[in-house]
There are 2 protein chains.
Amino acid sequence: MRLQVAAILCTAAVQAQYFQRLGGCPDLGCIFPVDQANFLPGQAFDIRLEIHSPTNGSEAREGTPDENFTFTVAKKGAEPVPVTEFFGVQEPQLEKWNFTWYEDLFAKDLKEPSFVQVASKAYRNLKLTEPGEYEAVLTYYNGTTTNATWVVRDISAERKAKNVIMFIGDGMTTNMITAARLIAHRSVNGHYLTKMAMDQFPILGHQMTHSMDSFITDSANSATSLYAGHKTTVNALGVYVDSSSDPFDDPKFETVAEIFRRKNPNGGVGIVSTAFIADATPAALTAHTAARSEYGHVIDSYIHGLQNFTEWGNWTGPDVLFGGGAENFLPKGSYQGQNYYDIFSNAGYSVYFNNSALSSAANDTKALGIFSIGNLAKWLDRNVYPENLQNQTNYPDGSGSTADDQPGLKDMTLKAIDILAERSGDEGFFLMSEAASIDKMMHLLDYDRALGELLELDDTIRATKEKLEALGLLNDTLIIVTADHGHGFDVAGSVDTEYLESQKTDRAKRDAVGVYANSGLSQYTVKNQKSPVYSDGVHFPAQWDPRYALFAGVMANPDHRENYKVSKNGPRLPASELVEDSGDYYADYKDAVTGFVINGTLPVSADQGVHSLTDVPVFAQGPCQELFGGVYNSIDIFYNVAECLGLASY
Amino acid sequence: MRLQVAAILCTAAVQAQYFQRLGGCPDLGCIFPVDQANFLPGQAFDIRLEIHSPTNGSEAREGTPDENFTFTVAKKGAEPVPVTEFFGVQEPQLEKWNFTWYEDLFAKDLKEPSFVQVASKAYRNLKLTEPGEYEAVLTYYNGTTTNATWVVRDISAERKAKNVIMFIGDGMTTNMITAARLIAHRSVNGHYLTKMAMDQFPILGHQMTHSMDSFITDSANSATSLYAGHKTTVNALGVYVDSSSDPFDDPKFETVAEIFRRKNPNGGVGIVSTAFIADATPAALTAHTAARSEYGHVIDSYIHGLQNFTEWGNWTGPDVLFGGGAENFLPKGSYQGQNYYDIFSNAGYSVYFNNSALSSAANDTKALGIFSIGNLAKWLDRNVYPENLQNQTNYPDGSGSTADDQPGLKDMTLKAIDILAERSGDEGFFLMSEAASIDKMMHLLDYDRALGELLELDDTIRATKEKLEALGLLNDTLIIVTADHGHGFDVAGSVDTEYLESQKTDRAKRDAVGVYANSGLSQYTVKNQKSPVYSDGVHFPAQWDPRYALFAGVMANPDHRENYKVSKNGPRLPASELVEDSGDYYADYKDAVTGFVINGTLPVSADQGVHSLTDVPVFAQGPCQELFGGVYNSIDIFYNVAECLGLASY
């Protein structure tokens, strides 16, 4: 029996979860969309029903899952109606599969998974157009019921903004903004002489980032909330996660990009990121999969929608797609080994590989810009340590040469706006622009690079407002700046890096930390001989390597060393394995030779930091800005944007 | 010479600073109020001028400080006028003193302070009533000048709110609010079924908490900013810090409580805190000293204003003063050994020592309520582990019995509102209510107790709105909820405490941490057999000791151990000395016997956590609420409250 279970485990490994049989499914009957789900009127979605029969573990029962389950839907107070009748669809075929999960860490250590048999049906491409509460009831096992309440929001279909630009600082928290301000903006006696662009937005809100079934989210899950108004599960893009092993059969729901294009066939859509462009935050605009790692699917969904996976939707490709990640366009790493540069080109896209080409791109043509293999270079490396861009093999054409002429977020975003403004005309545009490496550098405990990315985002926001003003679009455009989740980062003082280096023991080195009055003033804004010169309104540190550096950190670490100095030779690598592939990480001596050891709090299998719980800020200006004040759920961002763009259908 | 310097150092020890000769004084001439200082029209303030002559160190010069310095003030663009003429005051006597400071940690290790001779003058009790910019020029050393620009804000004197209630969650950040919501409010599939009272405020802002001369603040400094609109130095209450050793001669400025009472002689003032009441956050409303540790001064200033220290001001005592800290009222620890219960009683106050007496207190009489020696008991101990209140010697009459009938923040605040509403009549009231032990428990890494205090604050806010509604005052009352600074706290997942305890090694114990999907859902909201029952609208955890506990932490620690379980026998003591009075702290084994060691990042002399940089949230509702949206400096809270209460004088 043990062997058999283990074999099944392997096939279903992608679904294997700890602590929960299946998120959103507290009973043996499961309804997706889940209880409490919200919908935009007219938003397309799928229904997935599952009946579970656990054969072992704490929920074990006799027999197979009920295949004769029934499902009704009704407006609250009305007579329940079979789902096929309610939506006017055919009864689908019954599906059956099995999956396993671990009830807790003890079961995992013992390799004793719980085994579950499943009977399931899925109903595709449905819509609810009448606002109000709906009651969905799944009946199985001789009268056992699982109920879900669905809420279709009562949102005006009247459009209030021509354009929406959504900036996402991936992993960006209020704490990071505070630190970025400190190192880049001069103050006199506690009075800042300049402010961040974000600081100047009239409306501030907080959004809650937690997942549907766990309180810490990842970027796929959270982007799905922001773009589609449904909380879901870690790693999921545009779907609720069912228990099947197929990453493409999960119940989908339509995103803001898809709805906007459906309602505005000539409206512009732009997707910009400093990550590899198949990464979660851009991907969630068009991809629908339980597994964010299905990069081939993501790239294919950008240009073809879902036609290679299901008949669902009618997406036709963005006007602008800028980022890194050439590896998923080249045959070696793409969906079905195709050359996606050719596919985009054949579909009318101009293709750009470097910043020089980007800067002279035509504004009337659809544009694909892929500027590197992997993630784009960081602001700090492009601008302060450019030698780190040399001698790479990351040129996006796959030729093995160096991508040393990469654009930054500002270059890509301003060009995107030029193209969207010219192409979209009266129907307006939706642009998502992501500062991805705030998160990526926070993961590596490379706080300097993370703050550099945050300041580049802020500079991009400043320049975007100037651009919109110059194009006459500022008053018609809602600008939102927010994040998808946090990291537990803060600053608690300064470190005399000279003193730290002079001390011999780990305990003595800690005396270099100055707190309260001894934190002193920011020395990052003090010019030194090599200080760069910025244009008016542009704010970055005058130096990145002051003697008194930030005493910064996160509250959940791998083992690492710390000397609090900027990593001049490229991003940090805080932890490494003593034995290759052991999954057992220790502080990497080379990362901070002069520093001291800080033992981790994360499992020793962690080589980097993790996301945190904190609500993240939302800055808004433009039409509908008043919708974004106060404290709310991340999904409300979607409903507010949809209201502003008039995306509801009745 | 070395001996002489050391002797001087001892007398000036309270002023000895590292890294800066004197905050706000980058030149050898110093002007207080400092460059960029803001003023409310008609706000009383002092001027302090200093001329420095360093005799050694990097700034060493020949000779003594210039005693013939001159000082002019002028509206911007107008002819400079000698300060005596400008304000119509007499020339004061010249003062002279010396002080020392350490230029850096190397100098401190070598015991080589820098020595500075000072010549100084102070001009007292001045006012600027005309809005606009002023130029102040100090001339010394044959034409060297130090300039300061002062800004008198152009604020309407028209009153818009009858009452202002300012809630301060000491040390409270957005991250903590997010964690408190998670453990106290139930959610289904990512949708919270209830919200925090704070979440329901219509307006959200962020305020920057940094000091005048360091980027990390303490609660004295930050409370001064919030109450008086001037950024100052760590440990300072209502003054700029000069270089003299006298803690009472520093240049003062008037606070919101003093101005409100001056302009509304029958207006009500209430001061409520869960700290010992001489602590910084309440103290900053009436005390004026460079040293927050001058507790005798603080208590005397509550009842007498500054008459025992200077002729400045005309403060007449609050209507309500509720908190802990009996030790500073009893002769053994009070100013000049007086019994301050008698002094308050003789001035017409009713005095209360426990919650039963408080609950039946008359609403028409001034009230002093001191409910414990030291800080008040924590919500968690009062409500979940009440046995921790027994067998103490902290009864506030000094009798040595147990203070086991202590009020919470809600009890004190609601009674304060009853008294203020009845006594203040048409002139309205100003109430400050502080949840002090969010900060105190965060310092001890006792996150459970800190979040309990935060939830008690939230419950107090909810109940305050109900109380104001019942009294017919809700629409006339501006309610602000904010903090004075942060701690670098966040939550990054959950911990299986059973698994952690079962593992033998520190590294294996860390595998108990679940992140992302494995963080799971909050188990604090799940009832167990012993779950308490709360009234409608009241939200606290249903259990504090779930198997899956918060994976919480701060980014700057002393050495400590962690098992992530609630400390049932009272607040945590994370670090202790192996050798008494060594100042060398190690993880305290008893604090978390089943846990693992986390080595600190703070200096080994630290036995607790420290404050952090992050901007803190501001929630506002009521008249003038629109002033509190967006991102701004902490001092803007004062100017906005002053505008709302019509406190400007022209």
Side-chain angles (χ1 to χ4, degrees), chain A residues 17-19 24 34-36 104-105 174-175 178-179 182 188-191 199 202-206 210-212 214-216 218 231 234 488 490-493 496 499 507 510-511 513 515-522 553-556 598-599 601-604 610 612-615 629-631, chain B residues 17-19 24 34-36 104-105 174-175 178-179 182 188-191 199 202-206 210-212 214-216 218 231 234 488 490-493 496 499 507 510-511 513 515-522 553-556 598-599 601-604 610 612-615 629-631:
Chain A
Q17 296 185 37
Y18 312 127
F19 315 138
V34 296
D35 184 30
Q36 304 296 317
D104 63 12
L105 290 166
T174 298
N175 302 20
T178 313
L182 182 77
V188 172
N189 292 322
H191 297 256
D199 293 343
I203 298 292
L204 177 68
H206 284 167
H210 57 272
S211 303
M212 180 192 81
S214 65
F215 57 77
I216 304 294
D218 80 319
K231 290 269 181 186
V234 167
D490 211 338
V491 172
D496 182 346
Y499 188 84
R507 284 180 74 80
R510 287 160 55 186
D511 281 335
V513 170
V515 297
Y516 302 110
N518 289 349
S519 65
L521 297 169
S522 170
V554 289
M555 51 61 63
I598 301 174
N599 72 287
T601 50
L602 290 169
V604 298
V610 295
S612 74
L613 179 68
T614 182
D615 292 352
V631 181
Chain B
Q17 296 186 39
Y18 312 126
F19 316 137
V34 296
D35 184 29
Q36 304 295 317
D104 63 12
L105 289 167
T174 298
N175 303 21
T178 313
L182 181 77
V188 172
N189 292 321
H191 298 256
D199 293 343
I203 299 292
L204 177 68
H206 285 168
H210 57 271
S211 303
M212 181 193 81
S214 65
F215 57 77
I216 305 293
D218 80 319
K231 289 269 182 187
V234 168
D490 211 339
V491 172
D496 183 344
Y499 188 84
R507 285 179 74 80
R510 287 159 57 185
D511 281 335
V513 170
V515 297
Y516 302 111
N518 289 349
S519 64
L521 297 169
S522 169
V554 290
M555 51 62 63
I598 302 173
N599 71 287
T601 50
L602 290 169
V604 298
V610 296
S612 74
L613 180 67
T614 182
D615 293 352
V631 182

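Quantities reported herein were computed from a predicted structural model and do not represent experimental measurements. Per chain, numbering begins at 1; letters A, B, ... match sequence-line order. The figures that follow rest on heavy atoms only: side chains count, while hydrogens, waters and symmetry mates do not.
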What part of [X] lies closer than 4.5 angstrom to a heavy atom of chain A: side chain, backbone, both or neither?
{"X": "B:V491", "result": "both"}
{"X": "B:H191", "result": "both"}
{"X": "B:D496", "result": "side chain"}

Pick from [options]: which one has the most heavy-atom pairs with chain A under 4.5 Å?
{"options": "B:G24, B:A556, B:G520", "answer": "B:G520"}
{"options": "B:L521, B:N189, B:V515, B:I203", "answer": "B:N189"}
{"options": "B:V234, B:V604, B:V554", "answer": "B:V604"}
{"options": "B:I598, B:V188, B:I216", "answer": "B:I216"}
{"options": "B:G190, B:G553, B:A179", "answer": "B:G190"}

| remark: Value for CG (A:D615) from CG (B:L204), rounded to nearest 0.5 Å, stands at 9.5 Å

Quick one, [X] and [Y] - any side-chain contact, counting heavy atoms below 4.5 Å?
{"X": "A:Y499", "Y": "B:D104", "answer": "no"}
{"X": "B:D511", "Y": "A:L105", "answer": "no"}
{"X": "A:V513", "Y": "B:T601", "answer": "no"}

Is it the side chain or the backbone of [X] that comes within 4.5 Å of chain B heavy atoms, both, or neither?
{"X": "A:L182", "value": "side chain"}
{"X": "A:V631", "value": "both"}
{"X": "A:S211", "value": "backbone"}

Could you pull out the closest heavy-atom pair between [X] and [Y], with the gap in Å?
{"X": "B:S522", "Y": "A:F215", "value": "N-CD2, 3.9 Å"}
{"X": "A:A517", "Y": "B:S214", "value": "O-CB, 3.5 Å"}
{"X": "A:Y516", "Y": "B:V610", "value": "OH-CA, 3.4 Å"}

| With B:M555, which residues qualify under side-chain contact (heavy atoms from CB on, under 4.5 Å), at least two apart? | A:D490, A:A492

| said: Is it the case that the side chain of A:N175 and the backbone of B:T614 share a donor-acceptor pair, with hydrogens and angles ignored and the cut-off at 3.5 Å? | reply: no

| query | Of all of A:S612, A:G630, A:S519, which one pairs up most often with chain B through heavy atoms under 4.5 Å apart? | reply | A:S519

